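Both counts, for ligands and for their atoms, begin at 1 and track the order of listing. Since this is a predicted model, take the numbers as computed values, not measurements. Starting from 1, each residue takes its place in the sequence as its number.
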Amino acid sequence: MRYISTRDNNRTASSAEAIAQGLSEDGGLFVPETFPRLPEGAVHELCAMNYRQRAVYVMKLFLEDYSVAELTDFVTRAYSPKGFDTPGIAPVRKLDENTHFLELWHGPTCAFKDMALQILPHLLTAALRKNGEDRSVCILVATSGDTGKAALEGFADVDRTKICVFYPRDGVSDIQKLQMTSQAGSNVLVCAVNGNFDDAQTTVKEIFSDPDMRWELAGRGWMLSSANSINWGRLLPQIVYYISAYCDLLNAQEIRPGQEVNFCVPTGNFGDILAGFYARKMGLPVKKLICASNSNNVLTDFIRTGTYDRLRPFYTTVSPSMDILVSSNLERLLYDLSGGNDAETAEYMARLAGEGRYTVSEAIKAAMDGLFAADFCDDTETRDVIAKTFREHGYLMDTHTAVACGVLEKYRRETGDGACAVVVSTASPYKFCPAVLEALGDAAEGSAPALMERLEAVSGVPAPAPLKALSGKTPRFTDSFDKAQLPDVVRRFLK
Ligand SMILES: *Cc1c(COP(=O)(O)O)cnc(C)c1O
């Protein structure tokens, strides 16, 4: 199976090339030329497998140039009992008769980014070998908090790689910051950027698409790649957990074979929910994909009106991993819903870059209406959901998951659609202690470790071991930079 750029159908790549490059050289994103369907009886077969086996099965459908033996080796290392604190890897927890949580935060950094970033380094270094690439690769990451740590954890001390992470100086939680700045490894660099996530992401994209920079670094034996969800190797492992969740619901007899399920997804860069869209495209019985945003509700407006408009105030919220106004992966959806129209997709993206807004065709809008619903929760609503769910069910969730939970409630009220729903739970509540404590009506002042202990006392839910281990750590990386300095930071790092 070949991969093609969303902005130029003539630009194709093998799966190994797409994963090694991250972004197509024309600025487009790689997508599979055709989508595999789940074969007849596949879901039944997958039900009998564990998470690792399901991952091999699903990924193999997309990765012709990787063998089953290789993929088995990768998933064994990525989803190991050492890294994940539950044998289910991505367990489904029941809240009430028709509401479930898909918990994606049992990995080493306690956020759902681990699901992809634990396996991406294996896919990527294998891709370099397959391509006969003799350069080493430097991973550049712009992060709104969780990607950075998950990528650092995945790539630290991996042969033939370096990793450089940029995070918005005031846009991440204390725990997220300490997780990143205390990262061990001889091949890592972590920098604060004076700006917000979009500033960091835009600059990283500019570095990628600067031919002079590529040339200069190539001369020194380096190529750049991305661990952001624009990389196909990031997106693919995320398709697995939608299918796995469906199998778990079947196994628990919560649904009948073929029954349609709604997924409600806390959304930022549109990677997670896009993986759900792809799972549906493969034939998984998904009814609606409900796109949940915080006050940065650019996607709510887009899905409801067909106009994407990033020219709006930017809010710093209690769900910082969703504080995003430019959702990169939306490009893949537009490409798909336009019927694979590269020129049309490129045109929307050019408008977004130039005027800051675009309106999609009637055809795309109609297709979106059938598949997606969208709403948002502000910080007050988010806190209320955390408090109410803990009070009524004893279930503690983080702020991002709470946004989705609140949006699902609104969706059900507005549409009367009471179908079985899965809320995608994207982070441990312990990553966002101040906001979660505040929601529970408790004091939110104090050091990160103190707040973690406080939340344990208040909730009776133990904190994950990797977060508890942070208490003794000191930051290794303390510098912050302006946007314009970032290219030179990268050059110095790759001297
Ligand atoms: C990254 C992240 C999201 C948003 O996921 P996207 O794939 O960027 O849409 C939501 N919640 C948490 C906790 C995250 O880390």
Taking both backbone and side-chain atoms of [X], is any N or O found less than 3.5 Å from an N or O belonging to ligand 1?
X      : result
Asp146 : yes
Phe270 : yes
Gly271 : yes

Quiz prompt | Test side chain to side chain donor-acceptor pair (under 3.5 Å) applied to Asp323 and Asn294, Asn196, Thr316, the passing residue | solution = Asn294
So which heavy atom on [X] is nearest to which on [Y], and how close?
X      : Y      : answer
Lys177 : Arg169 : NZ-O, 3.1 Å
Asn187 : Asp157 : OD1-N, 2.8 Å
Pro429 : Asp398 : CA-CB, 3.6 Å

What protein heavy atom sits nearest [atom], and how far off is it?
atom                    : answer
atom 10 (C) of ligand 1 : Pro266 O, 3.6 Å
atom 7 (O) of ligand 1  : Asp272 N, 2.8 Å
atom 9 (O) of ligand 1  : Gly268 N, 2.7 Å
atom 6 (P) of ligand 1  : Asn269 N, 3.5 Å
atom 12 (C) of ligand 1 : Thr426 OG1, 3.4 Å

Quiz item: Think Lys410 forms a cation-pi with Phe376, using NZ or CZ under 6.0 Å from the six-ring centre and within 45 degrees of its axis?
Solution: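 Checked: cation-pi criterion met.
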Just jot down the ligand 1 atoms closer than 4.0 angstrom to any heavy atom of [X], in number order.
X      : answer
Thr267 : 9 (O)
Lys113 : 1 (C), 2 (C), 3 (C), 14 (C), 15 (O)
Ala427 : 13 (C)
Ser321 : 2 (C), 12 (C), 14 (C), 15 (O)

Quiz prompt | Check against salt bridge (charged side-chain N to carboxylate O under 4.0 Å, His left out), Arg383 and Asp378 | solution = CA-CA 9 Å; Arg383 290 193 199 94; Asp378 65 21; over 6 Å; no
Exercise. Using modelled atom types only, decide if a donor and an acceptor are shared between the side chain of Arg280 and the backbone of Leu371 within a distance under 3.5 Å.
Key: no
Quiz item: CE/Met180 to OG1/Thr109 distance, rounded to the nearest 0.5 angstrom?
Solution: 10.5 Å
